[in-house]
Amino acid sequence: TLNAEQAGQVCLDNQLRVWPEGEITGPPRVEERTVLPRWLVAIPAENENGPYTVFCLIHEDPTRPENEAVANLSKSL
């Protein structure tokens with residue numbers, strides 16, 4: 001099983017592989033949940049279009065995280 005630090009790293013690694021053109025602008029925020037998927041990770045990032053947040057879900061298999069980028073409506077997470 002993963003711990004919070006490992007979950008954050010899995011999502012960071014996946015983000016860099018899936019969207020290498022974005023720049024990570026801060027540390028991931030990791031939430032361990034009591035429902036599935038167990039891990040929700042928010043990664044602040046930025047590209048030429050401005051800031052956005054990548055939300056990453058880790059289900060049972062940590063080798064297959066799901067990342068989804070969402071444009072920020074404000075400058076803060």
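Here, residue 1 is the first one in the sequence, and each next residue gets the next number.
- A search for side chain to side chain contact (heavy atoms under 4.5 Å, CB included) contacts involving N47 returns N49, Y52, not counting sequence neighbours.
- Not counting sequence neighbours, Q6 has no partner by the side chain to side chain donor-acceptor pair (under 3.5 Å) test.
- Counted within 6.0 Å of CZ on R64, heavy atoms from surrounding residues, nucleotides or ligands total 12 or fewer; the atom is thus considered open.
- Closest non-hydrogen pair, P44 versus P27, comes out as CD-O, 3.5 Å.
- Summarising the local packing, CD of E60 is surrounded by 12 or fewer heavy atoms from other residues, nucleotides or ligands at distances under 6.0 Å.
- Considering CD1 of I58 and CG of N67, their distance stands at 8.5 Å, rounded to 0.5 Å.
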Intermediate values then yes/no, side-chain contact (heavy atoms from CB on, under 4.5 Å), E32 and W39: CA-CA 5 Å; E32 183 175 9; W39 297 101; 3.4 Å; yes
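- The two residues L2 and P62 make their nearest non-hydrogen contact at CD1-CB, 3.6 Å.
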Audit row: I43, T53, side-chain contact (heavy atoms from CB on, under 4.5 Å) steps and yes/no: CA-CA 6 Å; I43 303 169; T53 300; 5.9 Å; no
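- Pairing each heavy atom of V30 with each of G8, the nearest pair is CG2-CA, 3.8 Å.
- With P28 as the partner, the side-chain contact (heavy atoms from CB on, under 4.5 Å) test is satisfied by one option alone out of V10, L12, V54: L12.
- If you take CD on Q15 and CD on E68, they are separated by 10.5 Å, rounding to the nearest 0.5 Å.
- Between the CD atom of E66 and the NE2 atom of H59 there is a distance of 3.5 Å, given to the nearest 0.5 Å.
- From T63, atom OG1 reaches atom CG of D13 across 12.5 Å, with rounding to the nearest 0.5 Å.
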